[in-house]
Protein chains: 2
Amino acid sequence: MFSKACKYAIKAMIYLSSRSDENLKIGLREIAEEIDSPEPFTAKIMQTLTKQQLVNSTKGPHGGFFIEAGAPEIKLIEVVKAIDGLQFVSGCGLGLKRCSETHPCPIHFEYSQIRDAMLNLLEQQSIQSLANELQAGNSVLKQHLD
Amino acid sequence: MFSKACKYAIKAMIYLSSRSDENLKIGLREIAEEIDSPEPFTAKIMQTLTKQQLVNSTKGPHGGFFIEAGAPEIKLIEVVKAIDGLQFVSGCGLGLKRCSETHPCPIHFEYSQIRDAMLNLLEQQSIQSLANELQAGNSVLKQHLD
DNA sequence: TATATTTCGGATATTTTTGTCTTTTATTCT
DNA sequence: AGAATAAAAGACAAAAATATCCGAAATATA
Ligand code: FES
Ligand code: FES
């Protein structure tokens, strides 16, 4: 569904948002720790997100990543777009060169409905609202397995 | 969503089914041609499908792949399971070690609904019925782009 | 200014997926 | 039996995704 990089990105964004209310910058180490991701790989992803202007960053002591306070809501689709691109929400489920109503693959009509539901989810849900649920303790970003 | 191998597998199965009514065996070359897939890679996939008993094969002249006539319907999920495994229809959308109602990731409730719809599709749809639609000209397995 | 901190950028390494090639084995036909 | 055909099996190659490392640049603090 999503690449690992994209999953890390989404979780990082949600975590960041859940801690960015204050004028707080979050370091790479903390992010990787809290979303249970490999630190150097996460660094690359954060670089991409920064270049795509989805997060801000500052270097140096007390530097780190943060989401501009008072910034407009960031929808999930924007994060997916930045990391994985939009192929998955528009492409054919069986890999035809283009998804088409007039020359559909065998599962087009069933598949495209589900794909559109996913697209809808990504367009509706925002990082901020998911972060609120996280803060409220209604969801988690990592699990402690014994 | 599905790996390329899995997409090739599904298309190969549907094509095979659409031609297997008669006691007809289909060669690798024809399959790869008709589903627009790399021949040697497709060979590997067909080997797997054969080992998993989803198709039969015979060697030698006029040999090839075929689906046992009068065999019970093959559901899409069986093909996906044989090639990609079931991780995607049961795993967490954000990569948590397990998908859980009690310790859900931020998108669990929306995501799992869509994932279950996909699972439902895979469990309902059979290779044979999709092959019928293909034969009826209602779908295609490859496109000719200029 | 000097030092410590932290991201940035580029190079490199590993793993997985995708794809290819060659030899062997089974089967059919002559 | 011998020749031709086609899949099976295993080794190999290329590409992409995932992950790591290190020096450079920026920033805060002393
Ligand atoms: S053509 Fe395959 S999903 Fe639309
Ligand atoms: S916990 Fe993430 S999808 Fe269920």
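Residue numbering restarts at 1 for every chain, and letters A, B, ... go by the order of the sequence lines. Just so you know, these numbers come straight off a predicted model, no measurement behind them. Worth knowing before you read on, the calculation uses all heavy atoms, side chains too, and leaves out hydrogens, waters and symmetry mates.
Checked against C:dA4, D:dA9, C:dT20, the side chain of B:Phe41 finds its nearest nucleotide in C:dT20. Of all nucleotides listed (C:dG9, D:dA28, D:dA8), C:dG9 comes nearest to the side chain of A:Gln47. Side-chain proximity of A:Pro38 to D:dT20, C:dT20, C:dT18: nearest is D:dT20. Considering only the side chain of A:His62, D:dT29 comes nearest among C:dT7, C:dC21, D:dT29. Comparing C:dG10, D:dA19, D:dA7 by their nearest atom to the side chain of A:Lys44 picks out C:dG10. Side chain of A:Lys59, nearest nucleotide from D:dT18, C:dT6, D:dT20: C:dT6.
Distance NZ (A:Lys7) to P (D:dA19): 11 Å, rounded to an integer number of Å. Remark: P of C:dG19 and CD1 of B:Ile45 are 8 Å apart, rounded to the nearest angstrom. In this structure, CD1 of B:Ile35 is placed 11 Å from P of C:dG19, rounded to the nearest angstrom. One can place CG of A:Leu28 at 14 Å from C1' of C:dG9, the figure rounded to the nearest angstrom. Note: CZ (B:Arg29) to C1' (C:dT20) measures 15 Å, nearest angstrom. Taking atom NZ of A:Lys51 as the reference point, atom C1' of C:dG10 lies 10 Å away to the nearest angstrom. Going from atom CD of B:Glu30 over to atom C1' of D:dA7 covers 15 Å, rounded to whole Å. Regarding B:Gln87, its CD atom lies at a distance of 15 Å from the C1' atom of C:dT16, rounded to whole Å.
Ring orientation note: the planes of B:Phe41 and B:Tyr8 are nearly perpendicular, at an angle over 60° on the 30°/60° scale.
Heavy-atom distances to DNA chain D give each of B:Gly60 and A:Thr42 a nearest nucleotide, and the one nearer the 5′ end belongs to B:Gly60. With DNA chain D read from its 5' end, the first of the two nearest nucleotides for A:Glu39 and B:Phe65 is the one closest to B:Phe65. Residue order along DNA chain C, read from the 5' end via each residue's closest nucleotide, puts B:Asp84 first among B:Asp84 and B:Thr58.
No single ILVMFWY cluster, assembled from side-chain heavy atoms under 4.5 Å apart, contains both A:Leu122 and B:Phe109.
A close approach under 4.0 Å does not occur between any side-chain nitrogen or oxygen of B:Ser57 and OP1 or OP2 of D:dA6. For C:dT18, the OP1/OP2 oxygens have no side-chain nitrogen or oxygen of B:Tyr8 closer than 4.0 Å. Contact check, B:Lys25 against D:dA7: no side-chain N or O comes under 4.0 Å of OP1 or OP2.
Of the possible polar contacts, one joining the A:Ser18 side chain to the A:Tyr15 backbone as a donor-acceptor pair under 3.5 Å is found. Formation of a donor-acceptor pair under 3.5 Å by the B:Lys142 side chain with backbone atoms of B:Glu33 is found in this model.
Look at B:Arg19 and B:Glu30 and you find a salt bridge, because one of the NZ, NE, NH1 or NH2 atoms lies within 4.0 Å of a carboxylate O, short of that distance.
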